[in-house]
Amino acid sequence: MTTRSYSAAHWGIYEVTGNPGQDPVLRALSDDPDPTRIGLDQLDPAVRRLRVARPAVRRGWLETRTREGRGQDGFVEVDWDVACQLVAGEIARVRESFGNRAIFAGSYGWASAGRFHHAQSQLHRFYNTIGGYVRSVDSYSLGAGRVLMPHIAADMDSAIASHTSWDRLAQACTLFVAFGGVPLKNTQVASSGAGRHRARAGLQGLVRAGVRIINIGPVGDNCEAGDCVEWIRLRPNTDTALMLALAHTVLHDARFDRGFIDSHTVGFDRFVPYLLGTTDGVAKTPEWAAPITGVDPATIRMLADAMLSHRTMLSAAWALQRAAHGEQPFWALITLAAMLGQIGLPGGGYAIGYGPMNTMGSSHVKLPGPVLPQGRNAVADFIPVARLADMLLNPGGPFRYNGGHYHYPDIRLVHWAGGNPFHHHQDLNRLRRAWARPETIIVQEPYWTAAARHADIVLPATIALERNDIGFATREGHVIAMKAAMAPQDQARNDGDILATIAERLGARRAFDEGRGEMEWLQHIYAENRARVAAIGIDLPEFDAFWQAGLIDLSVHDAPHDMHGAFRADPVAHPLGTPSGRIEIFSERIAGFALDDCPGHAAWREPFEWLGAPLAQRYPLHLISDQPARRLHSQLDPSPWSRAGKVQGREGVHIHPDDAAMRGIADGEVVELFNDRGRCLAGAVLNPAIMPGVVRLSTGAWHDPDGMLDRHGNPNVLTLDRGASSLSQGCSAHSCLVDIRRLTELPPPVRAFDPPVLDQG
C-alpha cells in the first residue's frame with residue numbers, strides 16, 4: 001500500500017511516497033513554481049554509503065586519550081552503551097575538574113529544518129539542564145551585519161522577514177540596483193525550510209514591468225533576469241567607496257531629500273564633513289572613487305542621477321559584509337538610501353538583500369513558529385562564531401565585540417551537533433591546529449564529514465526522513481507535518497534520544513526530556529504555537545487534524561508590504577529599534593566604543609587583502625568564495641547532483657579567459673590555487689562573466705586535506721581567519737588574494753568521499 005506524506009528541508013518541501021520494504025520516493029512540492037534539484041538524491045547509494053553506521057571512537061583517543069592523530073586515525077566501532085558512557089564520563093570529568101566554562105557546545109550549522117529535531121536546539125537544551133556551556137553568537141554568513149544593523153536601522157531577523165515583497169516591487173519600483181547581484185542559486189534555500197521558490201519569478205516580474213535592473217560587482221552572472229540586466233563591473237571589497245561617491249553626488253543635487261534626513265534620521269551633519277573631506281582632507285567624489293573601484297566618474301554620476309530620477313530599490317548581497325570592514329557597505333547603503341529619501345515608499349528604499357535566501361521578498365504572513373524551549377544558560381562566556389580557532393588557540397586571550405571587552409575561555413571539551421566547522425570556518429589549516437588542542441571532541445552527525453573524521457567520539461544521528469517533526473519557516477507560507485518515511489539507517493538515533501540517554505547517566509534525564517517522547521513533544525510545541533498564532537488572529541487546526549492533513553497552506557493570508565512603511569508614515573508612533581528610534585547615519589553608541597577600525601559613520605577602509613595592496617604583487621587574483629549552486633553549504637556534496645557539477649571530480653574555479661591565457665590554463669584542466677595559508681586543487685572553468693583579476697571558487701567541497709593542500713577544491717584553506725572589525729568580529733572570507741598555476745604533475749585522487757578505516761570494538 002502506497003503511503004503519502006510531506007517532508008521539509010532548507011532547500012524545499014517534498015512530497016514523499018513509499019511502499020513497504022522500499023525506500024521512499026521524493027518529489028518537489030507540486031505547486032512550487034521553481035523547485036530546486038538539491039535534496040532529491042539524499043537517499044542515493046552514493047550518499048547513504050557515507051552514513052555513520054554505528055558509534056565510533058578514534059583509536060588513539062580510545063587507547064591512550066591522546067589528542068594526536070585527529071583527522072588521520074582510524075575508528076573503533078562500539079555499542080551505544082559504551083559510547084554514551086564514554087561521553088557522559090568525559091562531560092562529568094570536565095565539569096568536575098574545570099567547570100562548564102570549559103565546554104563549548106556552540107554547534108553552528110543549519111542542521112534539520114524541523115523545529116523539534118533541530119540538533120543545535122537539542123544540544124543547547126541538554127547542556128542548560130546540567131549547568132550551561134560556552135556558546136557562539138551571530139553567523140558566518142552575516143556576522144558583521146548582525147552586529148551593525150540593530151545600531152543603525154533594524155535587527156537582521158526583523159529586516160529579513162520584512163523586506164518589500166516582490167509583487168510590490170513589480171508594482172512600484174522603476175530602478176532596481178543590486179550590489180552583489182541576486183544570485184538565484186542562493187535563493188534555493190531558506191533557514192528552517194523554503195516553501196514555494198519565488199526569486200526567479202520575482203526578477204521576471206520586474207522585467208515584465210519594465211523595471212531597469214543594474215547589477216554591480218565583480219561577477220556578471222549572478223543576476224539572472226535576462227539580457228536586459230546592466231552590469232557595472234566593480235572591484236571586490238570596494239562597494240563602500242562607490243556608495244560614498246554616489247552619496248557625495250546626491251548631496252550636491254537639488255533632488256537630495258533633506259526633509260527625510262531631518263525627519264527620519266539622526267547624525268547626518270556628523271557624517272557630511274567626512275563625505276566632503278573636511279575631516280580627512282579627501283572629498284569622496286567620483287574622481288576619488290574611480291581608481292579604487294574601477295568605475296569611471298561618468299558612470300558614477302549617471303548612476304546617481306538614475307537613482308534620483310526613479311523609484312529606486314537598493315539591494316546589498318550578504319557577500320559584501322563577509323569581508324574586511326564588512327559593516328561599512330551596509331552602513332553606506334542605508335545612508336545612501338536615506339539621502340534618496342525613498343525608504344518606506346512602495347518599491348523604494350533598501351534591502352539586505354534579495355539574493356541570500358528564498359525568504360526575502362515574500363508576501364506570506366509573518367507568524368511565530370513552534371520552538372523547543374532551551375532553558376537558561378548559566379555560563380556567560382561566548383565567542384563570535386567566526387572566532388572559533390582564536391578561542392581554541394588563545395585561551396584567556398582578549399577580544400572586543402560590540403563595544404565590550406571579553407576573554408576567550410579555556411575549552412577542554414567540544415560537543416558538536418548539526419554542523420560542520422570544516423565547511424564554515426576560514427583558514428582550515430589554522431583550524432586543524434586549533435582543533436588539536438581540546439582534550440575531547442564529540443560529534444553527532446549522520447555522515448562521515450570532515451568534522452566527524454576529526455572527532456574523538458562520533459555518534460550516528462538520523463536524518464529528517466527518519467523521524468517525525470514539524471516544519472515551519474518565517475514567511476515561507478507553510479506548516480508541514482514531517483512524518484517519518486523510513487526506519488533509521490543502521491544504528492542511527494535521533495539527537496534528542498542520544499542526549500536523553502547521556503542525560504540519564506548524568507542524573508538529568510527528567511530535566512531534559514520532561515518525560516515526553518517524540519510525538520508528545522510535537523503536540524506540546526504545536527499547541528503552544530497555535531495559541532500564539534491565534535493571538536494574531538489566525539486559527540490553525542488542532543494537532544490531530546494538522547497531522548492527518550500533512551500540510552497547512554497559509555497563502556490565503558498573503559499581502560504585499562513595504563519595509564519601513566509604517567516608520568515612514570509616522571516615525572514617532574512606529575520607531576525603529578535603534579537607540580534614537582530613527583535611522584542612525586551617525587551612531588553615538590558605536591562612536592562611543594572608540595574603535596580604531598569602525599568609526600561612528602560609514603567610511604572607506606582598505607581591506608586587509610585586496611587588489612590595491614602590495615600583497616597583490618605576489619597574489620594578483622582576488623578570490624570570491626560564494627555559495628554553491630548544487631548544495632546548501634557542504635550538505636549532500638556526495639550526491640550525484642552535486643558531483644555532476646564538478647570538474648574532474650573537484651570544485652570548479654571560474655576564471656576570466658584572459659587570466660587563464662596568461663597562465664597557460666585551458667578550460668577543464670586541474671589547477672592549483674595557493675597563497676601563504678594553503679593550497680587547493682580545482683577544475684578550471686573559463687568564464688567571461690568574471691572580472692579580470694578575480695576568481696570564484698564556491699564553498700562546500702568536503703575538506704580533503706593532504707598536509708597544507710586540499711585535493712577537492714575547498715576554498716577555506718585559502719581564506720583569511722580574521723575578524724571583519726573589532727565591532728563585529730565577523731567572517732572576512734571575501735578579503736582574500738591568491739594565484740593559480742597549471743598542475744603539470746598527475747593530480748592526486750580525491751579522498752573526501754572515502755569512509756574512514758573502521759574496526760570492530
Side-chain angles (χ1 to χ4, degrees), residues 152-153 173-181 211-218 223 229-258 260-261 265 267-269 271-278 280 282-317 319-321 323 325-343 345 348-354 583 585-586 601-605:
I152 66 168
C173 179
T174 59
L175 175 63
F176 185 87
V177 181
F179 290 88
V211 178
R212 184 182 180 189
I213 302 174
I214 301 177
N215 175 24
I216 301 176
C223 194
V229 176
E230 302 170 42
W231 179 25
I232 296 178
R233 293 161 176 78
L234 179 78
R235 289 178 180 144
N237 289 185
T238 66
D239 302 83
T240 300
L242 176 59
M243 293 171 190
L244 291 172
L246 290 166
H248 188 280
T249 306
V250 169
L251 179 66
H252 291 86
D253 193 288
R255 294 167 290 179
F256 161 53
D257 196 336
R258 180 72 203 208
F260 182 84
I261 291 291
T265 77
F268 182 73
D269 290 334
F271 167 69
V272 169
Y274 171 77
L275 192 64
L276 296 178
T278 305
D280 62 0
V282 180
K284 311 309 178 292
T285 64
E287 286 73 20
W288 163 80
I292 297 172
T293 64
V295 182
D296 65 86
T299 299
I300 296 174
R301 290 192 171 90
M302 173 278 295
L303 185 57
D305 177 72
M307 291 175 176
L308 287 162
S309 302
H310 291 82
R311 181 60 57 83
T312 302
M313 174 59 71
L314 305 178
S315 174
L320 273 60
Q321 55 82 66
H325 312 292
E327 302 83 6
Q328 302 310 316
F330 278 16
W331 206 341
L333 183 94
I334 293 172
T335 300
L336 176 60
M339 294 174 68
L340 295 175
Q342 300 183 29
I343 294 173
L345 289 176
Y350 74 91
I352 311 288
Y354 280 98
I583 294 169
I585 293 174
F586 183 94
H601 56 74
W604 164 248
R605 293 288 187 273

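Values in this document were obtained by computation on a predicted structure and should not be read as measured data. Numbers here are sequence positions counted from 1.
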**Q.** Check against side chain to side chain contact (heavy atoms under 4.5 Å, CB included), M339 and F256
**A.** CA-CA 6 Å; M339 294 174 68; F256 161 53; 3.9 Å; yes

Q. Which word best sums up how the rings of W288 and W604 line up, parallel for under 30°, tilted for 30 to 60°, or perpendicular for over 60°?
A. perpendicular

Q | Worked check of side chain to side chain contact (heavy atoms under 4.5 Å, CB included) between I300 and L242 | A | CA-CA 8 Å; I300 296 174; L242 176 59; 3.6 Å; yes

**Q.** Main-chain N/O of E230 paired to N215 side chain as donor or acceptor, under 3.5 Å
**A.** no

**Q.** Salt bridge flag under 4.0 Å for residues D269 and R258
**A.** yes

Q.
If we check side-chain contact (heavy atoms from CB on, under 4.5 Å) with V177, which of these qualifies: I232, I213, L314, L333?
A. L314

Q.
Treating Q321 as the side-chain partner and E327 as the backbone partner, does any N or O pair qualify as donor plus acceptor under 3.5 Å?
A. no

Q | R605 and T240 side chains, donor-acceptor separation under 3.5 Å | A | no

Q.
Using only atom types and a distance under 3.5 Å, with no angle test, would you say the side chain of Q342 pairs donor to acceptor with the backbone of H310?
A. yes

Q. Using the ring of each side chain (for Trp, its six-membered ring), is H601 parallel, tilted or perpendicular to Y274, with breaks at 30° and 60°?
A. tilted

Q: Grab the two heavy atoms, one from L244 and one from A603, that are nearest each other, plus how far apart they are.
A: CD1-C, 4.2 Å

Q: Given side chain to side chain contact (heavy atoms under 4.5 Å, CB included), test F179 with S315 step by step and report yes or no.
A: CA-CA 6 Å; F179 290 88; S315 174; over 6 Å; no

(Q) Under a 4.0 Å threshold between the charged nitrogen and the carboxylate oxygen, would R235 count as salt-bridged to D239? (A) no

Q | Exam field: side chain T312 to backbone L308, donor-acceptor pair closer than 3.5 Å | A | no

Q.
Determine whether a donor-acceptor pair (N or O, by modelled atom type, separation under 3.5 Å) exists between the side chain of T293 and the backbone of T238.
A. no

